Amino acid sequence: MLDVLSEHAVAALDRLDIRRELSETCHAHELASMLAERGLPIYGPVLELEARAGGVVIGDKTQLATFRALKSRPGFGRSDALVCRGEVLLPIHGSELMEFWMDGEGTIYRGWPASPPWDPEDSGFCAPVYASYVTMFERYAFQREPWWSGTGGTDDGYRCSLTIHGHLMGDAMAQALSVQAFNPAWDRYARIWHGHAAHVEEANMPGYHVHTRAELRSADELVRALGTISPIMDRAPLEIGLPERAVVQPGERATLHFRGLQPGDRPMDVLVYGGPGSYRIQVRRS
């Protein structure tokens, strides 16, 4: 497994003491026989994942891979599998709620054939989230850095946030904020840039998430990011996170004025007061 990961991911997984439980995996030929017996397709990438990471538990709950999923469900067959775009997907998640699946090309999907407990109407949901198990592990390792908070977001002194829904603005945002790409975690479904001033993520998962999100160290970076996306603000719903409400003096005029949309396509105004190093930002929602 380690030979296909970046040095960063290898170090992170070693630090996290990720281990395999060999009793919860099997040889590739044994898995192939199990799949054939149940009328399920045999996919090379699924066998490869089993050989490299079967029996691994990541995130304290995601139990890999297909042997574990089938072993805990003796009656699981073709009619129980998730189907996406006409292709039968194989489970690679052996936990109680099978949530991750793989197709014949090695793409990993998030979905569930039955309704998840948190959304009874979400039965049959399915969307691709990783191009391969390699980027799955790379992103997992990246998100286990000390500055990544336990609530699923960054926590490295970033004080502001900006999310642009429905648009991929990662390249322009990263260039404006002077942050570097973390290429090992890139694939066609997600890209990451990270630096002292900002953390930028771009998700391109149709049917699940399509957005660009930036965590920003200060209001200066937020103003720079707003300037970058200003050409599309009239058609890109935004969410803006601020540490506190701006205090505006009576009669004070805004230095900058951005007009955009909030989720639900309702208009909003973003007013910027002061100058570099002392920007104050006020969001007025209609």
Side-chain angles (χ1 to χ4, degrees), residues 1-5 13 18-140 187-190 203-209:
M1 179 69 199
L2 301 182
D3 61 313
V4 297
L5 298 178
L13 295 176
I18 300 294
R19 298 179 182 273
R20 297 180 70 182
E21 180 55 63
L22 294 180
S23 64
E24 296 295 336
T25 186
C26 66
H27 293 293
H29 70 273
E30 295 174 301
L31 178 57
S33 296
M34 181 183 291
L35 292 168
E37 289 169 3
R38 300 195 188 196
L40 292 165
I42 300 170
Y43 296 148
V46 170
L47 302 183
E48 183 179 333
L49 174 62
E50 191 70 47
R52 289 182 174 274
V56 166
V57 178
I58 58 176
D60 297 325
K61 64 176 183 178
T62 303
Q63 303 173 1
L64 301 174
T66 302
F67 173 79
R68 179 173 268 177
L70 298 182
K71 176 185 173 185
S72 61
R73 297 167 179 82
F76 187 95
R78 194 180 188 94
S79 62
D80 302 298
L82 198 61
V83 177
C84 188
R85 303 187 186 98
E87 183 175 14
V88 174
L89 306 181
L90 294 178
I92 61 167
H93 184 195
S95 306
E96 182 178 353
L97 179 65
M98 284 192 292
E99 193 172 348
F100 294 101
W101 306 73
M102 185 178 278
D103 67 13
E105 298 298 318
T107 301
I108 295 175
Y109 297 72
R110 187 177 186 220
W112 30 85
S115 302
W118 58 85
D119 190 347
E121 298 183 358
D122 215 5
S123 176
F125 169 82
C126 180
V129 291
Y130 303 103
S132 71
Y133 68 83
V134 174
T135 50
M136 177 182 73
F137 274 101
E138 289 287 354
R139 296 218 295 267
Y140 173 80
D187 60 25
R188 60 184 177 273
Y189 301 115
N204 186 19
M205 307 169 188
Y208 186 36
H209 291 307

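Just so you know, these numbers use all the heavy atoms, side chains as well, and skip hydrogens, waters and symmetry mates. Keep in mind it's a predicted model, so treat the numbers as computed, not measured.
- Nearest heavy-atom pair, Ala53 versus Phe137, reported as atom, atom and distance to 0.1 Å: CB-CZ, 3.9 Å.
- Side chain of Arg78 to backbone of Leu40: no donor-acceptor contact under 3.5 angstrom is found.
- Ring pair His27/His29 is parallel by interplanar angle, where below 30° counts as parallel and above 60° as perpendicular.
- No donor-acceptor pair closer than 3.5 Å links the side chain of Thr135 to the backbone N or O of Tyr130.
- Distance check, rounded to the nearest 0.5 Å: CD1 of Ile108 to OH of Tyr189 gives 10.5 Å.
- In terms of heavy-atom proximity, Pro41 sits nearest to Leu35 at O-CD1, 3.7 Å.
- To the nearest 0.5 Å, the span separating CG on Leu70 from CG on Leu90 amounts to 8.0 Å.
- Put simply, the side chain of Tyr109 does not reach to within 4.5 Å of the side chain of Val129, judged on heavy atoms.
- Proximity of a side-chain donor or acceptor of Glu87 to a complementary backbone N or O of Gly104 within less than 3.5 Å is detected.
- Each salt bridge (charged side-chain N to carboxylate O under 4.0 Å, His left out) pair with one or both residues in residues 34-48, not counting sequence neighbours, appears once here: Glu48-Arg52.
- Note that CG of Leu47 and CE of Met102 are 10.0 Å apart. Values are rounded to the nearest 0.5 Å.
- Between Asp80 and Arg73, no side-chain nitrogen of the basic residue sits less than 4.0 Å from a carboxylate oxygen of the acidic one, so the salt-bridge criterion is not met.
- Residue Leu31 holds its CG atom at 5.0 Å from SG of Cys26, rounded to the nearest 0.5 Å.
- Residues Thr66 and Pro91 come closest through the heavy atom pair OG1-O, 2.7 Å.
- In terms of heavy-atom proximity, Ala36 sits nearest to Ile42 at CB-CD1, 4.2 Å.
- A donor-acceptor pair is defined here as one N or O able to donate and one able to accept, closer than 3.5 Å; no such pair exists between the side chain of Trp101 and the backbone of Arg110.
- Within the 3.5 Å criterion, the main-chain N or O of Ala131 finds a donor-acceptor partner in the side chain of Asp187.
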Could you walk me through whether Leu89 and Val83 pass the side-chain contact (heavy atoms from CB on, under 4.5 Å) test, one step at a time?
CA-CA 6 Å; Leu89 306 181; Val83 177; over 6 Å; no

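- Looking only at distances, no side-chain donor or acceptor of Glu50 sits under 3.5 Å from a matching main-chain atom of Thr25.
- Sequence neighbours left out, the pairs with a member in residues 20-33 that pass salt bridge (charged side-chain N to carboxylate O under 4.0 Å, His left out) are Glu24-Arg68, Glu24-Lys71.
- With His209 contributing its side chain and Ala203 its backbone, the two residues share no donor-acceptor pair below 3.5 Å.
- A pairwise comparison of heavy atoms in Leu64 and Ile92 identifies CD2-O, 3.3 Å as the closest pair.
- Rounding to the nearest 0.5 angstrom, the gap separating the OG atom in Ser132 from the CD atom in Glu105 is 12.0 Å.
- A ring-ring contact (aromatic ring centres under 6.0 Å, His included) check over residues 31-55, counting only residues at least two apart or in different chains, returns nothing.
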